[in-house]
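Here the structure is a predicted model, which is why all the values come from computation and not from measurement.
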Amino acid sequence: MRGEKVKMAKVVILGGNARSGKSTLSYMLIKKGYNRISFDNIFSAIEEGFNLKIDDFSDNLKFAFFENIVNKAIEEAENEGIDSVIDMYDFLPEDIDALQNKEKVKVYFLAYPSCNLEEIKFNVIHYAKPTDWIAQVNDEYLDSCVKRFYERNQLLVRECNKYGLRLIDTKAGENRNKILNQLLKEIID
């Protein structure tokens, strides 16, 4: 209608650490009408459907694929008014900085840099579904994952600071839910 302000569609990228709330926030955005693009799901489908290993592809090829998906989401936002959320683990702030259309997306990296190893372990166990790979590992492997997640938190803090990207500390326990709900409100407003 003439004179009516049209809401611009959004493309939101959620990056960050494992068990930081990326999928949870994505599901919340789906309920608000967002289209979800999950790189975990895409990469699993490629590996299972084509019998290929994503790790066999070069970083440049994986980035080109990622950028193509982002650009398609931007096209749908601009031409069709479709809001999209892209959740991914594999790409870091330096990758976001390399996107040609980075100014057309909202980016949030989720992590828990204020958590110690015990709190990270709580997050991993508490938020894992019985079918998640992490729920099916032994204690020794779980502890090695927790250490990797701790180190990734530190990397994300450094890289987000370096590239001027927003890092959301999703913490642990009940604070996590409050933080995700606040971020949801910020994204949809």
Side-chain angles (χ1 to χ4, degrees), residues 8-27 29-30 34-113 120 123-124 128 132-134 137 141 144-170 183 187:
M8 292 298 295
K10 299 175 187 174
V11 176
V12 176
I13 296 176
L14 301 176
N17 212 341
R19 302 291 172 246
S20 61
K22 297 181 306 293
S23 294
T24 301
L25 184 55
S26 291
Y27 296 141
L29 286 164
I30 288 170
Y34 277 69
N35 177 43
R36 177 178 182 237
I37 302 167
S38 165
F39 266 82
D40 284 351
N41 290 346
I42 290 171
F43 284 171
S44 289
I46 289 170
E47 288 189 340
E48 293 168 19
F50 291 112
N51 197 26
L52 300 171
K53 289 211 156 275
I54 292 298
D55 289 340
D56 291 345
F57 293 100
S58 72
D59 289 343
N60 288 340
L61 191 58
K62 287 188 272 191
F63 174 78
F65 180 74
F66 171 64
E67 185 167 42
N68 191 293
I69 296 285
V70 171
N71 287 339
K72 295 295 182 194
I74 291 169
E75 283 177 29
E76 287 186 338
E78 292 175 343
N79 299 328
E80 307 298 332
I82 297 171
D83 291 316
S84 291
V85 57
I86 300 169
D87 71 62
M88 52 85 181
Y89 172 85
D90 295 295
F91 302 99
L92 294 168
E94 73 174 318
D95 299 308
I96 298 300
D97 190 63
L99 290 172
Q100 290 178 350
N101 290 313
K102 65 185 170 194
E103 75 284 347
K104 294 183 177 185
V105 297
K106 287 282 201 182
V107 179
Y108 303 90
F109 276 87
L110 281 54
Y112 29 83
I120 293 172
N123 277 356
V124 170
D132 289 345
W133 66 270
I134 198 76
V137 299
Y141 188 71
S144 73
C145 290
V146 167
K147 287 177 187 167
R148 275 199 326 271
F149 298 159
Y150 179 84
E151 291 166 3
R152 186 172 172 92
N153 280 330
Q154 307 318 309
L155 172 67
L156 289 168
V157 168
R158 286 191 307 274
E159 283 216 353
C160 283
N161 286 333
K162 179 177 179 180
Y163 294 102
L165 294 170
R166 185 130 172 245
L167 178 81
I168 309 299
D169 186 346
T170 55
L183 186 53
I187 290 170

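Proximity of Phe63 to Asn60: side-chain heavy atoms (C-beta onward) are nowhere separated by under 4.5 Å. The shortest side-chain heavy-atom distance between Val137 and Cys145 does not fall under the 4.5 Å cut-off. Under the 4.5 Å side-chain criterion, counting only non-hydrogen atoms from C-beta, Leu183 is in contact with Leu110.
Lys62 approaches Ile54 most closely through the heavy-atom pair CD-CG2, 3.6 Å. Taking every heavy atom of both residues into account, Phe109 and Gly16 meet most closely at CD2-N, 3.4 Å. Closest approach of Thr170 to Ser20, counting heavy atoms only: OG1-O, 2.9 Å. Considering every non-hydrogen atom in both Gly81 and Ala9, the closest pair reads C-CB, 3.4 Å.
Residues in residues 148-160 take part in these side chain to side chain donor-acceptor pair (under 3.5 Å) pairs, two or more places apart or across chains: Asn17-Asn153. Each side chain to side chain donor-acceptor pair (under 3.5 Å) pair with one or both residues in residues 87-96, not counting sequence neighbours, appears once here: Ser26-Asp87, Arg36-Asp87.
Taking a 6.0 Å sphere around CG of Asn51, one finds it holds 12 or fewer heavy atoms contributed by other residues, nucleotides or ligands. Enclosure of atom CG in Asn79 by more than 12 non-hydrogen atoms of other residues, nucleotides or ligands within 6.0 angstrom is indicated.
The side-chain contact (heavy atoms from CB on, under 4.5 Å) with Val85 is formed by just one residue from the set Asn35, Ile187, Leu29; it is Leu29.
Checked by atom type and distance alone, the side chain of Ser44 never pairs as donor or acceptor with a backbone atom of Asn41 at under 3.5 Å.
In this structure, the separation between CG on Leu25 and CD1 on Ile168 is 9.5 Å, given to the nearest 0.5 Å. Separating the CZ atom in Arg19 from the OH atom in Tyr112 is a distance of 8.5 Å, to the nearest 0.5 Å. Rounding to the nearest 0.5 Å places CD1 of Ile13 at 5.0 Å from CD1 of Ile86.
Partners of Lys104 according to the side-chain hydrogen bond (donor to acceptor under 3.5 Å, both in side chains) rule, which considers only residues two or more places apart in sequence or in another chain, are Glu78. With sequence neighbours left out, Asp97 forms a salt bridge (Lys or Arg N to Asp or Glu O under 4.0 Å) with Lys102. Listed by chain and number, the residues in a side-chain hydrogen bond (donor to acceptor under 3.5 Å, both in side chains) with Asp169 are Ser114 (sequence neighbours excluded).
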Residues 65-72, side-chain donor-acceptor partners within the protein, below 3.5 Å, at least two apart:
from  : atom 1 : to     : atom 2 : distance (Å)
Glu67 : OE2    : Gln100 : N      : 2.7
Asn71 : OD1    : Asn101 : ND2    : 2.8
Asn71 : ND2    : Glu67  : O      : 3.4

* To do: Please step through side chain to side chain contact (heavy atoms under 4.5 Å, CB included) for the pair Tyr163 and Ile96, ending with a clear verdict.
  => CA-CA 9 Å; Tyr163 294 102; Ile96 298 300; over 6 Å; no
